[in-house]
Amino acid sequence: MNDRIEVGLPDKLEINRRGSEIEIVRTWYGAHVLFMTAFVVFWDGFLYVWYSQLGEFPGGMGSLMFYFPMIHVAVGAGITYYVLCGWLNRTRITVGRGKVAVRHGPLPWFGNLEMDSSAIKQLYAKEMISSSRNGTTVHYDLNALTRDGRSITFVGGMENSDQALYIEQEIEKFLGIKDGVVKGEFPG
């Protein structure tokens, strides 16, 4: 048995209790969004200046210069979308009426899911560590262990372990799931 200390409501989360359901809302905005906003303004600004100068290239050079940075345009579009999601999106986890639903929006994003709450055996937080030449990053995922033995990621990419642990605690409390140890979980 796991006698974990109860986690208080962390920053960037809110909980709404409505009779037979709860909704936990997580804001995506954070310091990383500010950094990425500055980066995307520079990136997209450079491409804007590049393309605004195309008319000044002699002869057929304009078309070569048009197609040359296309991969940068695609990367810029992807990063711009990511930044817009960081500013605007919320993750809404709704538990009630026999279902658990995870929705991201208002801008479309992958990872939406809906499942029967009776299929959940246990919830657990997992620390995810990524290393690269530029350093190490850590984020936390909330996973569900199902009664048929599958592990499903409910919410990923949380920068704070308290967010994952709080969501786990509140859903387990609401569904009457006794907190237990799962191999590989963040101990919290």
Side-chain angles (χ1 to χ4, degrees), residues 1-38 82-131 135-147 150-188:
M1 186 170 79
N2 193 355
D3 293 324
R4 185 179 290 156
I5 296 173
E6 197 160 304
V7 179
L9 182 66
D11 288 342
K12 297 172 34 172
L13 285 185
E14 66 179 68
I15 188 165
N16 304 305
R17 300 174 199 281
R18 292 185 229 118
S20 63
E21 72 178 31
I22 61 168
E23 179 186 55
I24 301 169
V25 181
R26 178 178 163 262
T27 303
W28 290 21
Y29 177 79
H32 69 286
V33 174
L34 285 175
F35 170 77
M36 291 304 294
T37 299
Y82 173 80
V83 166
L84 287 172
C85 287
W87 281 97
L88 301 174
N89 275 11
R90 310 271 182 278
T91 297
R92 295 179 185 284
I93 305 158
T94 308
V95 183
R97 299 186 182 111
K99 300 278 185 199
V100 176
V102 178
R103 301 279 180 256
H104 309 289
L107 298 178
W109 195 261
F110 59 91
N112 292 340
L113 71 88
E114 185 172 309
M115 66 186 295
D116 289 337
S117 56
S118 62
I120 300 170
K121 181 178 179 181
Q122 189 67 59
L123 293 170
Y124 65 99
K126 192 165 187 176
E127 183 177 55
M128 308 299 288
I129 301 171
S130 303
S131 297
T136 301
T137 58
V138 177
H139 70 268
Y140 301 87
D141 293 349
L142 177 64
N143 299 295
L145 184 62
T146 63
R147 298 208 180 276
R150 294 179 298 141
S151 180
I152 298 171
T153 300
F154 260 33
V155 181
M158 291 177 271
E159 65 275 356
N160 181 319
S161 64
D162 283 351
Q163 290 177 350
L165 293 170
Y166 181 82
I167 296 169
E168 172 190 355
Q169 161 190 292
E170 293 303 311
I171 294 174
E172 285 180 345
K173 225 189 295 184
F174 188 82
L175 294 177
I177 298 171
K178 189 169 188 138
D179 190 32
V181 177
V182 175
K183 184 178 179 179
E185 79 175 313
F186 180 74

Mind checking whether Trp28 and Trp109 have parallel, tilted or perpendicular rings, split at 30° and 60°? perpendicular
Run Ile24 and Ile171 through side chain to side chain contact (heavy atoms under 4.5 Å, CB included) and show every step you take. CA-CA 9 Å; Ile24 301 169; Ile171 294 174; 4.2 Å; yes
Which heavy atom of [X] sits nearest to which heavy atom of [Y], and what is that distance?
| X | Y | value |
| --- | --- | --- |
| Phe110 | His104 | O-CD2, 3.4 Å |
| Ala125 | Leu142 | N-CD1, 4.4 Å |
| Asn143 | Ser151 | CB-OG, 4.0 Å |
| Thr136 | Ser131 | OG1-OG, 3.5 Å |
| Lys178 | Gln122 | O-OE1, 3.1 Å |
| Gly156 | Asp141 | CA-OD1, 3.1 Å |

Using 4.0 Å as the upper bound for N to carboxylate O, is an ion pair formed by Glu170 and Arg17? yes
Between Arg103 and Glu114 (salt bridge meaning N to carboxylate O under 4.0 Å), is one present in this structure? yes
Any chance you could measure [X], atom [atom1], to [Y], atom [atom2], to the nearest 0.5 Å?
| X | Y | atom1 | atom2 | result |
| --- | --- | --- | --- | --- |
| Glu14 | Thr27 | CD | OG1 | 6.5 Å |
| Glu185 | Leu123 | CD | CG | 10.5 Å |
| Gln163 | Glu168 | CD | CD | 14.0 Å |
| Glu159 | Asp11 | CD | CG | 9.5 Å |
| Lys12 | Asn160 | NZ | CG | 8.0 Å |

OH (Tyr29) with more than 12 external heavy atoms under 6.0 Å: yes
Within 6.0 Å of NZ in Lys121, more than 12 heavy atoms from elsewhere: no
How would you list all residue pairs meeting ring-ring contact (aromatic ring centres under 6.0 Å, His included) that involve residues 161-188, not counting sequence neighbours? Tyr140-Phe186
Do Asn16 and Arg18 make a side-chain contact, defined as non-hydrogen atoms from C-beta onward lying under 4.5 Å apart? yes
Test applied, side chain to side chain contact (heavy atoms under 4.5 Å, CB included); reference residue, Ile93; option that passes from Leu113, Val102, Val25: Val102
